Protein chains: 2
Amino acid sequence: MTPADAGKATLDPSPGSVAAQGSSAATDASETHEKPVRPMRADARRNYDKILATARIVFTERGTDSSLDEIAKRAGVGPGTLYRHFPTRAALVDALMQDWTDRVAADADAAIATGQPAREMLLGWFEHFIDHITLHRGAASKICAAMDDPASPMYRKCRVMGDANRRVIEHLDARGELRTGVDPANVMRLVSGVASVADTSHAELDVRPMLEVVVDGIVRA
Amino acid sequence: MTPADAGKATLDPSPGSVAAQGSSAATDASETHEKPVRPMRADARRNYDKILATARIVFTERGTDSSLDEIAKRAGVGPGTLYRHFPTRAALVDALMQDWTDRVAADADAAIATGQPAREMLLGWFEHFIDHITLHRGAASKICAAMDDPASPMYRKCRVMGDANRRVIEHLDARGELRTGVDPANVMRLVSGVASVADTSHAELDVRPMLEVVVDGIVRA
DNA sequence: CCACAATACGGAGACAGTCTCCGTTTCCGC
DNA sequence: GCGGAAACGGAGACTGTCTCCGTATTGTGG
């Protein structure tokens with residue numbers, strides 16, 4: 001669509017890798033037998049990128065439930081092309097998620113690096129996390145659903161975010177600042193739940209008070 | 001889009017009362033001018049009931065996102081009839097909610113009556129609450145959305161449930177067992193969020209651990 | 001008990017979104 | 001350049017939402 005994105009090219013989902021269309025979970029068969037993974041054809045890559053750039057815009061404007069055909073149209077490709085690259089909506093959201101999973105992981109480490117007391121650290125981390133996953137309306141609840149569904153294309157990236165969270169929790173736990181028996185996975189669900197509520201809610205509600213309750217339920221009394 | 005928001009007509013099949021479609025959500029203009037609320041015609045009431053009964057079955061079987069046309073078909077009425085009685089899906093869910101709002105309110109009072117310590121009482125109450133609002137798949141997140149949206153047909157009943165929750169919280173607060181500054185509305189959102197996560201999740205996950213965190217965040221340390 | 005206005009019915013069909021199939025076009029290695 | 005593999009794109013099948021309006025039902029006043 002706009003000439004801008006053609007040039008900037010939000011390329012390369014992962015460094016040096018070629019976009020693989022089969023989101024099969026078993027893809028790292030790197031040792032047994034290398035698939036003859038040939039690089040994407042030039043036009044394919046061009047369309048892939050155009051679709052992704054357009055999706056980012058449309059999802060930001062109207063949320064992750066926007067019409068996919070419209071995204072295709074605005075990207076200047078046929079519906080068939082969109083569905084070939086992204087067989088499901090989740091696959092498309094997933095491709096977009098790449099950006100933030102990186103940032104989320106970085107945020108977690110940054111939070112740990114601050115060395116703040118548990119309460120402040122958690123509050124900060126949770127707020128950043130929520131900011132990221134509510135970037136596109138509707139994304140938070142999709143993440144909630146994917147988190148415990150290995151069949152979802154987004155499952156992998158949910159794990160990355162889950163790992164980031166686990167690092168923070170375990171760090172604080174090692175410092176002895178948490179209650180006993182805090183399960184990182186549950187914390188993750190809880191915080192995503194808060195994100196989801198905030199995202200779905202018609203009112204612009206502040207997540208802070210809810211997060212405070214969660215944090216108080218986690219830190220050692 | 002649709003003139004959905006114009007819809008009101010939350011019919012109230014409460015015992016003995018006759019459904020009145022004119023009753024706008026905004027005003028009980030009961031004093032200025034009585035609407036000539038005439039009783040529903042026999043065939044109308046018959047269909048209304050049939051639709052509701054069918055919806056209860058279908059929503060239980062396949063969740064609250066099932067096709068409305070299918071409900072109409074299975075109820076043996078035309079789509080037009082369904083949409084006349086229930087202009088939006090929310091209106092239909094709302095009508096079904098009547099059952100549980102009553103039960104939820106009763107549960108809250110029962111919880112208070114037990115006189116248990118805060119932790120047990122809250123845990124019990126929250127679990128009952130979640131059991132009710134996750135009866136039909138998809139309902140929990142709709143309730144989350146309606147809770148802070150006065151325009152939703154379900155808003156009224158969300159308030160009833162919110163009031164029930166407030167009673168429990170305030171009771172415990174009066175007993176001095178809660179932290180200072182606990183906001184019932186936020187607790188409600190949080191617990192509904194947990195319900196929503198559990199409901200959306202593909203895995204059958206236990207809400208207990210999450211509720212424990214919330215409860216620990218609420219009760220006095 | 002009948003006529004007839006008000007009320008409700010129901011289904012055809014407009015509309016929107018998802019997703020696929022397959023004839024056509026584009027790319028890239030030779 | 002040429003040829004086959006890879007990718008395109010759009011017509012259209014399908015599903016679900018929601019409306020319009022001719023027809024049927026109801027219950028009331030004569």
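None of these values were measured; they are calculated from a predicted model. A note on names: the letters A, B, ... follow the listed sequences, proteins ahead of strands, and every chain is numbered from 1.
- At whole-Å resolution of the value, CD1 in A:I51 and C1' in D:dG9 are 11 Å apart.
- An OP1 or OP2 oxygen of C:dA8 is reached within less than 4.0 angstrom by no side-chain nitrogen or oxygen of B:T81.
- In this structure, A:L82 places its CG atom 14 Å from P of C:dG17, rounding to the nearest Å.
- Closest approach to the B:R89 side chain among C:dT18, C:dA8, D:dT17 is made by D:dT17 (side chain taken as heavy atoms from C-beta onward).
- Here D:dT15 presents its P atom at 13 Å from CZ of B:R62, a figure rounded to the nearest Å.
- A:H85 has no side-chain polar atom (N or O) that falls below the 4.0 Å cut-off from OP1 or OP2 of D:dA7.
- Side-chain proximity of A:Y83 to the nucleotides D:dG27, C:dT18, D:dT25 is greatest for C:dT18.
- Proximity of A:N47 to the phosphate of D:dA7: no side-chain N or O atom is located under 4.0 Å from OP1 or OP2.
- Note: NZ (A:K73) to P (C:dT18) measures 11 Å, nearest angstrom.
- Comparing A:A44 and B:G80, the nucleotide of DNA chain D nearest to each residue sits closer to the 5' end for A:A44.
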Could you go step by step and tell me if A:I130 and A:L211 meet the side-chain contact (heavy atoms from CB on, under 4.5 Å) rule? CA-CA 10 Å; A:I130 290 184; A:L211 289 180; 4.0 Å; yes

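- By the 30° and 60° cut-offs, the orientation of the rings of A:Y48 relative to A:H85 is perpendicular.
- Look at A:R46 and you'll find a side-chain N or O under 4.0 angstrom from OP1 or OP2 of C:dC27.
- A straight line from CD1 of A:I71 to P of C:dG17 spans 11 Å, rounded to a whole angstrom.
- Nucleic acid contact for B:D69: base, since at least one base atom lies under 4.0 Å from a heavy atom of the residue.
- B:R45 places its CZ atom 14 Å from the C1' atom of C:dA8, with the value rounded to the nearest Å.
- For A:L68 and D:dG9, the CG to C1' distance is 16 Å, given to the nearest whole Å.
- Atoms CZ (A:R84) and P (D:dA6) sit 13 Å apart, rounded to a whole Å.
- Residue A:S67 is classed as a sugar-phosphate contact, given heavy-atom separations below 4.0 Å to backbone atoms only.
- Remark: B:R56 CZ is packed, more than 12 non-hydrogen atoms of other residues, nucleotides or ligands lying under 6.0 Å away.
- Between A:K142 and A:D149 there is no salt bridge, since no side-chain nitrogen of the basic residue lies less than 4.0 Å from a carboxylate oxygen of the acidic one.
- Between the base of D:dT25 and the side chain of B:R41 there is a donor-acceptor pair shorter than 3.5 Å.
- Between B:M188 and B:M161, some side-chain heavy-atom pair lies under the 4.5 Å cut-off.
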